[in-house]
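Proteins get letters first, then strands, A, B, ... in listed order; numbering begins at 1 in each. Predicted, not measured: the structure shown is a model, and the values here were computed from it.
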2 protein chains.
Amino acid sequence: MARKNFPDPTDLTPSGEGGLALGPEFRLTKQRREVFEVLTAQRDHPTATEVFMRVKEKVPGISLATVYNCLETLTHSGLVRQVNLDRSPSRYCPNLEDHAHFHCESCGHITDIAIHDPCALQAALALPPGTHIHRTEIALRGHCPTCTPSAKAPQN
Amino acid sequence: MARKNFPDPTDLTPSGEGGLALGPEFRLTKQRREVFEVLTAQRDHPTATEVFMRVKEKVPGISLATVYNCLETLTHSGLVRQVNLDRSPSRYCPNLEDHAHFHCESCGHITDIAIHDPCALQAALALPPGTHIHRTEIALRGHCPTCTPSAKAPQN
DNA sequence: GTGAATGCAAAACCTTTGCAACTGG
DNA sequence: CCAGTTGCAAAGGTTTTGCATTCAC
């Protein structure tokens, strides 16, 4: 098993960038390597199914369940972030920096938006004193600069 | 039908607060009234199933599908916001002010956090010039002041 | 009266799981 | 060698849908 019961994130070796540092307890299989490879190659926030289709070209026998497993392992290893926008399928993102996600309602693209002042951000919120924040998830929707807001584009 | 194909939000009459202003095209049924009533009576961000259970006491014959329908109508009428945290079931919130959601990892409660400076918030983000933001969704996770971070509370 | 809304059950959808076979270290 | 991982198929939980009936306007 060991499907579930992930170690505490603080136990993990900080990512070695080149070598996919999954941390102890995790084996480096070709499925996991390829899933991670797909995510970093094209940072377009694919869904599990999209990852599956891309990985199949390298590992034809891979199953969707394994892709879900790999994505879960990578997420718990801290190498990948799961991005949930509305009720749509989860998307995955190898950008570990503190950032928001912008979803264009015209072209459907999802873009990373850097947070260049986390303090200002927290100051903008009326947080009760004594609140401890572990994680912040910011999703923005609208139109990106290249999508003219006047033209009703295909929307995807 | 008319299930789907909602009018443009700009066409809607601004809420009359007392009288549940659903807008033209929408009929005021007792199911819709009660669903809205339940949401405003106890602003604890219930899921559709929780709303269903509460409404059943007033409208015993209501079905879960109708609750989903009502919540969708209320959302599209702009009277209610759908709140999506991770992959968990959607929750619903009658607070129309610009606000974030704080989810306590100890007690599980979801709290509204006012955004007292929307400009500072946007300034904290590195948005490409020309980006038009329609909607902002901010979800925070951590421990609320009343949950001592040391004690491993039931977590729910 | 008439079209919109409801209730029911069944379907759709994304995701997780049980288990036997396999494999990385 | 052996626990962790895979692949498959089947189950799970949330949300949507088809359709006949009911109801708001």
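Across dT17(D), dT17(C), dT15(D), the shortest atom-to-atom separation from the side chain of Ala65(B) is found for dT17(D). Closest to the side chain of Tyr68(B), out of dC8(C), dT15(D), dG7(D), is dT15(D). Here dT15(D) is the nucleotide among dG24(C), dT16(C), dT15(D) with the atom lying nearest to any side-chain atom of Ser90(B).
Counting any heavy atom pair closer than 4.0 Å across all strands shown, Thr29(B) reaches sugar-phosphate atoms only and no base atom. Across all strands, Glu72(A) comes closer than 4.0 Å to no nucleic acid atom at all (heavy-atom distances).
Rounded to whole Å, atom P of dG25(C) lies 14 Å from atom CZ of Phe26(A). The CG-C1' distance, from Asn69(B) to dA4(C), rounds to 11 Å in whole Å. Distance, Glu25(B) CD to dT2(C) P: 19 Å, rounded to whole Å. Remark: C1' of dT15(C) and CG of Leu64(A) are 8 Å apart, rounded to the nearest angstrom. The nearest whole Å value for the distance from the CG atom in Asn84(B) to the C1' atom in dG13(D) is 15 Å. The CZ atom of Phe52(A) sits 10 Å away from the C1' atom of dG7(D) (whole-angstrom rounding). Whole-Å rounding puts the Leu22(A) CG to dT23(C) P distance at 19 Å. The nearest whole Å value for the distance from the CZ atom in Arg33(A) to the C1' atom in dT6(D) is 15 Å.
Applying the 4.0 Å criterion to OP1 and OP2 of dT15(D), one finds that Arg87(A) has a side-chain N or O inside that range. At least one side-chain nitrogen or oxygen of Thr66(A) sits closer than 4.0 Å to the OP1 or OP2 atom of dG7(D).
A salt bridge is defined here as a Lys NZ or Arg NE, NH1 or NH2 lying under 4.0 Å from an Asp or Glu carboxylate O, and Asp98(B) with Arg135(B) fails to meet this definition. Comment: Asp86(B) engages Arg141(B) in a salt bridge, judged by a side-chain N to carboxylate O separation of less than 4.0 angstrom.
For dA5(C), its base never sits under 3.5 Å from the side chain of Arg32(B) at any donor and acceptor pair. Not a single donor-acceptor contact under 3.5 angstrom links the side-chain atoms of Arg27(A) to the base of dG25(C).
The aromatic ring centroids of His109(B) and His45(B) lie 6.0 Å or more from each other. Taking the six-membered ring for Trp and the full ring otherwise, the centers of His134(A) and His132(A) sit at least 6.0 Å from each other.
Both Thr47(A) and Cys70(B) lie near DNA chain C, and the one whose nearest nucleotide falls closer to the 5' end is Cys70(B). Both Gln31(B) and Tyr92(B) lie close to DNA chain D; mapped to their nearest nucleotides by heavy-atom distance, the more 5′-ward contact belongs to Tyr92(B).
Just one of Gln82(A), Arg81(A), His101(A) meets the side-chain hydrogen bond (donor to acceptor under 3.5 Å, both in side chains) condition when paired with Glu137(A); it is Arg81(A).
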